Amino acid sequence: MTQPQLDPAAGSGFPSPSIVSSRRLMGPNLLHADVGAVLDVSLSAADGAQHAQKMSAWHVRVLHLAAELNWPTPHLVERVYEGGASLFFT
C-alpha cells in the first residue's frame, strides 16, 4: 500500500477516534505474525471515506514517529469493524 505524503503535524480534518485500550502483543496474533503494539479505538457511524482518512492519518503519524526515533520501518495493520478499529504496528 502506498502511503500518502501528509504533514504529520497537520490535522486529518476529522475528530480523532477515542482510545478504548492499548497493549503489547508478545507473539503471533490475529493481526500479525510478529510482536508489536495495538491500539483499539472507537469509530462513530461515519462513512467509509472518513474511516479511510483516519486510518491514513494514523499510518502517516506512526511512520513519522518511527523515523524520528530512528526505529526500523514498522509493519502497520488495521482491522476496522463496526464501531471501531484495531491499529497494530511492529
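Please read these numbers as outputs of a predicted model, since none were measured by experiment.
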Within a radius of less than 6.0 Å around CZ of R23, do more than 12 heavy atoms belonging to other residues, nucleotides or ligands occur?
yes
Can you give me the closest heavy-atom contact between S42 and V20, atom names plus distance?
N-CG2, 3.7 Å
Give me the atom names and distance for the closest heavy-atom approach of L31 to R79.
CD2-CB, 3.7 Å
Treat each ILVMFWY residue as a node, draw an edge where side-chain heavy atoms are under 4.5 Å apart, and state whether L63 and V77 are in one component.
no
Whether the side chain of N29 engages the backbone of D34 through a donor-acceptor N/O pair (distance < 3.5 Å, no angle test) should be reported.
yes
Going from NE2 on H32 to CG on L76, what distance comes out if it is rounded to the nearest 0.5 angstrom?
9.0 Å
Nearest atoms (heavy-atom pairs only) where V41 meets Y81:
O-OH, 4.3 Å
Would a 4.5 Å heavy-atom cut-off, applied to side chains only, mark L25 and L30 as touching?
no
Do F88 and T90 touch side chain to side chain, with heavy atoms closer than 4.5 Å?
yes
Mind checking whether V38 and V80 sit in one hydrophobic cluster, side chains of I, L, V, M, F, W, Y counted as touching below 4.5 Å?
no
L65, CG: over 12 other non-hydrogen atoms inside 6.0 angstrom:
yes
Work out which heavy atom in V35 is nearest to a heavy atom in G27; give both atom names and the distance.
CG1-N, 3.6 Å
